[in-house]
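Numbers here are sequence positions counted from 1. Predicted model, so just to flag it, every value in this text is computed and none were measured. The basis for the numbers below is simple: all heavy atoms, side chains too, and nothing from hydrogens, waters or symmetry mates.
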Amino acid sequence: MASSPEKRVMVLAMDEHEHSNYALEWTLDHFFTPFGANAPFNLVIVNAKPSPPLAVSMAGPGALGSEIFPAVEMQLKVIADQIAEKAKQICASKSVVLEVLVEEVEGDARNVLCDAVERHHASVLVLGSHGYGAIKRAVLGSVSDHCARHAQCSVMIVKRSKFKH
């Protein structure tokens with residue numbers, strides 16, 4: 001009997017916002033939980049941990065830089081650990097644990113996610129939607145817009161429905 005082909009990889013972006021939690025729950029409900037051990041994907045959850053703010057790193061040596069930089073680093077690590085723990089809790093609540101890898105990668109989310117797609121040879125990238133309007137998206141930039149243009153795979157943006165089903 002021929003061996004079964006290796007599962008495809010799905011990368012899911014996770015941060016501290018509720019839209020990420022919703023995207024993970026939705027993805028598990030539609031692509032993992034219904035299939036049990038036969039889920040069509042292995043899931044890689046990626047948290048793009050921001051680098052310490054440029055202003056802090058530019059403070060350089062001296063009281064300001066030496067006191068603030070480690071505190072900011074520590075806080076970013078705590079937040080990243082909380083995000084990873086939340087992702088694991090959501091997966092466990094849906095009985096999805098075997099095919100999940102959680103990564104914390106430092107850097108800009110746009111680059112981190114596109115790099116993760118290439119590194120894991122993902123066939124799908126899943127992102128939650130903040131629901132920003134056109135003006136706010138233009139000012140702040142949009143991770144999902146960037147990834148939709150630059151990721152080397154299909155990109156699925158999960159939006160919370162405005163209507164109750």
Side-chain angles (χ1 to χ4, degrees), residues 4-54 76-163 165:
S4 61
E6 193 170 313
K7 288 185 180 183
R8 294 177 293 165
V9 175
M10 178 182 286
V11 170
L12 185 135
M14 187 85 178
D15 64 17
E16 70 276 11
H17 297 102
E18 182 58 35
H19 68 274
S20 291
N21 296 341
Y22 178 76
L24 176 56
E25 291 172 358
W26 188 93
T27 299
L28 295 174
D29 287 344
H30 289 85
F31 293 97
F32 291 87
T33 305
F35 300 98
N38 297 321
F41 296 96
N42 285 322
L43 181 61
V44 178
I45 299 172
V46 177
N47 170 26
K49 183 176 95 168
S51 300
L54 183 60
L76 291 173
K77 177 68 173 143
V78 167
I79 292 169
D81 290 346
Q82 290 171 343
I83 293 167
E85 187 57 36
K86 180 68 173 178
K88 291 174 187 175
Q89 288 173 358
I90 292 170
C91 290
S93 75
K94 304 281 186 179
S95 300
V96 178
V97 289
L98 294 178
E99 50 284 296
V100 179
L101 170 66
V102 180
E103 294 183 345
E104 298 171 7
V105 181
E106 188 172 311
D108 180 84
R110 292 171 273 234
N111 299 326
V112 166
L113 295 171
C114 289
D115 291 347
V117 162
E118 290 183 33
R119 188 172 60 256
H120 293 287
H121 307 286
S123 43
V124 179
L125 171 61
V126 180
L127 303 111
S129 173
H130 280 278
Y132 292 154
I135 293 172
K136 200 168 190 180
R137 230 182 13 255
V139 171
L140 296 176
S142 170
V143 173
S144 57
D145 286 349
H146 177 87
C147 291
R149 286 191 311 273
H150 298 284
Q152 299 297 310
C153 68
S154 297
V155 176
M156 180 169 61
I157 301 169
V158 178
K159 295 171 115 179
R160 186 180 294 272
S161 176
K162 293 181 182 180
F163 308 105
H165 290 98

From CA spacing to verdict: side chain to side chain contact (heavy atoms under 4.5 Å, CB included), N21, M14
CA-CA 7 Å; N21 296 341; M14 187 85 178; 3.0 Å; yes
For R119, what residues pass the side-chain hydrogen bond (donor to acceptor under 3.5 Å, both in side chains) criterion, not counting sequence neighbours?
E103
Can you give me every donor-acceptor pair (side chain of residues 27-37, partner residue at least two apart or in another chain, under 3.5 Å) with its distance?
from : atom 1 : to  : atom 2 : distance (Å)
T27  : OG1    : A23 : O      : 2.7
D29  : OD1    : K94 : NZ     : 2.9
D29  : OD2    : K94 : NZ     : 3.3
H30  : ND1    : W26 : O      : 2.8
T33  : OG1    : L28 : O      : 3.3
T33  : OG1    : K94 : O      : 3.4

Specify the closest pair of heavy atoms between L127 and A13, including all atoms of both residues, with the distance to one decimal.
CD2-CB, 4.0 Å
Ignoring hydrogens and angles, tell me if any N or O in the side chain of S20 forms a donor-acceptor pair with the backbone of D15 under 3.5 Å.
yes
Any chance you could measure H19, atom NE2, to S144, atom OG, to the nearest 0.5 Å?
8.5 Å
Counting C-beta onward and ignoring hydrogens, is there a side-chain heavy-atom pair between L12 and V44 closer than 4.5 Å?
no
Within the structure provided, determine whether L24 and I45 are in side-chain contact (heavy-atom separation under 4.5 Å).
yes
For residues E106 and P50, determine if any side-chain heavy atom of one lies less than 4.5 Å from a side-chain heavy atom of the other.
no
Listed by chain and number, what are the side-chain hydrogen bond (donor to acceptor under 3.5 Å, both in side chains) partners of E104, not counting sequence neighbours?
K77
Work out which heavy atom in C114 is nearest to a heavy atom in H146; give both atom names and the distance.
SG-CD2, 4.1 Å
Full working for side chain to side chain contact (heavy atoms under 4.5 Å, CB included) between V124 and R8:
CA-CA 9 Å; V124 179; R8 294 177 293 165; 5.8 Å; no
With sequence neighbours left out, write down each residue that passes side chain to side chain contact (heavy atoms under 4.5 Å, CB included) with S95, or none if nothing qualifies.
none
Distance, nearest 0.5 Å, that separates SG of C91 from CD of E25:
10.0 Å
Test side-chain hydrogen bond (donor to acceptor under 3.5 Å, both in side chains) applied to E16 - qualifying residues, sequence neighbours left out:
none
Donor-acceptor pairs under 3.5 angstrom involving side-chain atoms of residues 147-154: please list them, not counting sequence neighbours.
from : atom 1 : to   : atom 2 : distance (Å)
R149 : NH1    : D145 : O      : 3.4
Q152 : NE2    : H150 : O      : 3.3

Hey, could you give me each pair passing salt bridge (charged side-chain N to carboxylate O under 4.0 Å, His left out) that has a residue in residues 32-47? Not counting sequence neighbours.
none
Closest heavy-atom pair, H120 versus V9, reported as atoms and distance to 0.1 Å, is O-CG2, 3.6 Å
Give me the one residue out of N111, V112, N47, L113 that meets side chain to side chain contact (heavy atoms under 4.5 Å, CB included) with V105.
V112
Sub-3.5 Å donor-acceptor pair from the side chain of K49 to the main-chain atoms of G107, do we have one?
no
Among residues at least two apart in sequence or on other chains, which ones pass salt bridge (charged side-chain N to carboxylate O under 4.0 Å, His left out) with E18?
R160
Qualifying residues under side-chain hydrogen bond (donor to acceptor under 3.5 Å, both in side chains), relative to D108, sequence neighbours excluded:
R110
